[in-house]
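Worth knowing before you read on, the calculation uses all heavy atoms, side chains too, and leaves out hydrogens, waters and symmetry mates. Remember, it's 1-based here, ligands and their atoms both numbered in the order they're listed. Just so we're clear, the structure is a prediction, and the values are computed from it rather than from any experiment.
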Amino acid sequence: MMEAAKVYTERKSKRAAYKMRKKQQRDANNESSTDIKNPEHVKWETEFVTHKYIPEPKKNTTFSLPKLFTDKSIRFGQVVDTTNCNRAVLFLYRRVVPRVLFLGESTKAYAGFGSVFLGTWRRYCKHLFTTGDSKKLVSSDLEADVVNDLGPLLGFLQNFLKKNLPVLYHHHLRLRKLLQKHKEIVKQDVASFATKTDLSSSQLGILEDSFLGIFNLVCIGHKSGRSMDFHRDVNNLAFGYNIVLPFGEFEGGAMQFPGMNFEVDVLPGDILVFDAEFYQHCLSQVNGNRYSVIVFGCKNAGDELYGENGLDEAKLVSGTNVTDDWFAKEGLVRYFNPMEGRNKEG
Ligand SMILES: O=C(O)CCC(=O)C(=O)O
Ligand SMILES: [Fe+2]
């Protein structure tokens, strides 16, 4: 007994020392704790805002909007749209990305002066014409460096979502599994899929599965071309949310929501999660070198998997083929709050 008690005490003090060391390391690196449960760090706030769709203004129109969520603490803005369906939520996590995971030089060089897309399927990327220069595909001498650089960041993000936004985590996971399932089907009969769908055999396996984790598509943006114009990400997965992580040395680049009459600063180390498919948005003028990692889902994949291959679950991710009744029957809600509860998939 005595011996056991001693071992226990030793372990306890070792653990305490370890925790202390980690904390000191974090402080030294000027990193923030990712434990958002710490009440000192978290201050959830709910803002109810009404969103009004406004006609797309001329290119380069600038908006002057009041800033929300300027505080250092993490906040939660719940947005009620005009149909009062609680459709959208925006989440802003301040200073949660450890500094060691910030984008490295290789990835910045790889992004060049436009946007590049990394995804499981080359074709799948090709479909994303959200910016003029997104045709640049995944093939570069820098690719290995980029994978080494981005992999840990995506791993961190995945764990972060799992802990803090479980429903969104499962939404990505579901799409991921669906695409994997499709990949297996294609592999078994490569010839017959060659013309059937754009997610064809020749496009498989560009990146290791483990690199993307639960995610399917990642955009690395530099200067964020079109984002500065007022837009919606209309090719996005329905009910998906963009996860935006800005990096670099810059000023400006606030995410603006003119239809809701506010903007939020999003800074290196922050994670912004918002419904870019539903809400019109743009970035304010950026001065300096701003890079952004944007994780999202593209609805073409869901549409193709459903339409071309009849994979039933794809209805869920494409959204376009389903009614509210279908969701209800499946025990799902169309407009989920990524923070609360879980959709069906375990
Ligand atoms: O932050 C960026 O670079 C892009 C912003 C944007 O338009 C989006 O995430 O949908
Ligand atoms: Fe956007």
Inter-residue atom distance Tyr169.OH - Asn159.CG, 0.5 Å rounding: 7.5 Å

Rounded distance (nearest 0.5 Å) linking atom CD of Glu249 with atom CD of Glu251: 10.0 Å

Atom pair CZ/CG of Phe296 and Asn242 - distance to nearest 0.5 Å: 7.0 Å

Ligand-side contact atoms (ligand 1) for residue partner Asn242, heavy atom cut-off under 4.0 Å: 8 (C), 9 (O), 10 (O)

Atom pair CG/CG of Asp233 and Asp275 - distance to nearest 0.5 Å: 9.5 Å

Atom pair CG (Leu283) and CD (Gln256), whose distance is rounded to the nearest 0.5 Å: 8.0 Å

Element-labelled atoms of ligand 1 that are located less than 4.0 Å from some non-hydrogen atom of His281: 6 (C), 7 (O), 8 (C), 10 (O)

Numbered atoms of ligand 1 (with element) below 4.0 Å of Asp233, judged on heavy atoms: 8 (C), 10 (O)

Atoms of ligand 1, numbered as shown, that sit under 4.0 Å from any heavy atom of His231: 7 (O)

Modelled atom types, side-chain donor and acceptor of Ser106 and Asp149, under 3.5 Å: no

Shortest non-hydrogen contact from Phe215 toward Leu161: CE2-CD1, 3.8 Å

hydrophobic_cluster_shared for Phe262 and Leu267, side chain cutoff 4.5 Å: no

Contacting atoms of ligand 1, where contact means under 4.0 angstrom from a heavy atom of Ile294: 2 (C), 3 (O), 4 (C), 9 (O)

Main-chain N/O of Asn60 paired to Asp229 side chain as donor or acceptor, under 3.5 Å: yes

Nearby protein N/O/S atoms (those under 2.8 Å) for the Fe ion (ligand 2), with water ignored: His231 NE2, Asp233 OD1, His281 NE2

Atoms in ligand 1 flagged as close to Val244, the criterion being non-hydrogen separation under 4.0 Å: 1 (O), 9 (O)

